[in-house]
Amino acid sequence: MHVAVYLPLALPVLAAVSARWAAARLEPRTATWLLTGSALVLAAASGAALAILAATLLGQMPPLAIIGHWSAAVMRRHDPTSLALAAIACLLLTAALAAAFRAAARRVRAFTDAASVARCLPRGGQLAVLDDPAPDAYAMPGLPGKIVVTAGMLEALDDAERQVLLAHERAHLAGAHCLFTALAQLAAAANPLLRPLASAVGFSVERWADEHAARVTGDRRLVARTIAKAALVANGHEGTPSAALSMAAGSLRGTGPIPRRVAALLAAPPRQHPLLLAAMLTVLLLATGSALEAARDLHGLIQLAGGP
Amino acid sequence: MGDHAGRPARGHRPDGEAAAPEPRRRAGELSRLALEVLEQAGRPLTPGEVRDQLQAAGAGPLAYTTVVTILSRLHAQGIAERSRAGRAYAYTATAGPAQLVAHRMRRLLDAEDNRDGVLASFVGGLSVRDERALRELLGPDLPSGPQAGGPPGPGR
């Protein structure tokens, strides 16, 4: 148990450090699946590890020992960890469960809020144009989902650019991208170490939709330009003189997701990276395996104490 | 893309299915219908008159207080104006149903959870540094003057 139980607690750190790096390299669809899967597996494995550590303490409590028919004294004598660690694990596990429930409730409420507003949209057709001068566009999940574009955004784009926008948002709806982001954010709520993974999933679904738009329109540069233009008008930057072109050329360090999306579209289409994929899958197997191993050890301890 | 079939129609007729037993749905739809009633009246209406017209349009039986609630909410949102008319208030529309939907959308988007979690925005926020990076990446392709937008689209 000694190593196995701590490994699932350490692996999220590794995943968090490499998430953004991996999201920038993997093909977006693969990245979305892999990063979402990683977030869920690592959240579950680290939760299980905390539960196992907590069980070594709780198992020593006489009432629980009586209910479970094992010896509290044997559990105490063979305690594989320190009391302080087990107590911390108890607290962390409670906090993680509470945070996960709260996040799930908030997400459900956000979905129902969106659904109730979506009912006010005109029926029929996937596209709803809002009579709103502020440039904006988004996909609203639902059955069926809607693409909402403001009049301001339509005005700012030309015909080809509007095709890009629609292809992008259609990819979001068709790929149920909101489910990926919702699951990843749930995992990150339970284990805050996984937050970089959740934002990497958010980035990957945007890239996924961008690449779809690039395939539909057959023009990567057009998609890149549309995103940049839409971002500039949506943020009221249009017309500002490019104040400082002094920044080191080609540097994306410290920039947000939009320049990274644009840069990815200006580069060659993404390729699969089998080695990177294999490495990440290995980490997931390791997390699952060690959580299972620790659970087996705990079961062994309970059996030693005369339990089931 | 020329015809925006989805554009919210002003003269949207009340739906027969408003009688469906779904309170949330009715709340959203009713305020839209109420706003249409106010718009078409062209004069200030009391809650009683609005209720009568809603029922005449097939909105089903409505409590007076429900209508008062809807109207005062529209007033609080700045979508309807009100003035004293005897013991009650009389309401006039200041924005059409299309603006009501836009207003509601904007409020939904303002709730912090929604923007990131539920609605997939085409483009998010942009820092000054991001803008610089974009201009560097795309250079002359990007609009740089105030005439940033393309030609006004066919949908306008």
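Keep in mind it's a predicted model, so treat the numbers as computed, not measured. All heavy atoms count here, side chains included; hydrogens, waters and symmetry mates do not. The sequence lines fix the lettering, A, B, ..., with proteins before strands; numbering per chain opens at 1.
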Taking the side chain as every heavy atom from C-beta outward, state whether [X] and [Y] have any pair of such atoms under 4.5 Å apart.
X      : Y      : result
B/F122 : A/I227 : yes
B/V123 : A/E206 : no
A/T255 : B/R132 : no

Below 4.5 Å from any heavy atom of chain B, which atoms of [X] appear? Answer side chain, backbone, both or neither.
X      : answer
A/T150 : neither
A/R261 : side chain
A/L266 : side chain
A/V149 : neither

> Given the options A/M153, A/H168, A/H172, A/H177, which has more heavy-atom pairs under 4.5 Å with chain B than any of the others?
Replying inline: A/H168

> Can you tell which of A/P141, A/A134, A/A184 has the highest number of heavy-atom pairs within less than 4.5 Å of chain B?
Replying inline: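 Most heavy-atom pairs within the cutoff with chain B belong to A/P141.
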
> Any donor and acceptor pair, going by atom type alone, linking the side chain of A/N235 with main-chain N or O of B/G124 inside 3.5 Å?
Replying inline: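 Yes: the side chain of A/N235 pairs with the backbone of B/G124.
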
> Taking all non-hydrogen atoms of both residues, which atom of A/A228 and which atom of B/L138 are closest, and how far apart?
Replying inline: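 Distance-wise, the nearest heavy atoms are CB-CD1, 3.3 Å.
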
>> For A/P259 versus B/L137, what's the shortest heavy-atom pair and its separation?
In response: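 Heavy atoms only, the tightest pair is O-CD1, 3.5 Å.
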
>> Does B/R82 have more than 12 heavy atoms from other residues, nucleotides or ligands lying within 6.0 Å of its CZ?
In response: yes

>> I need the A/R225 CZ to B/L134 CG distance, nearest 0.5 Å.
In response: 13.5 Å

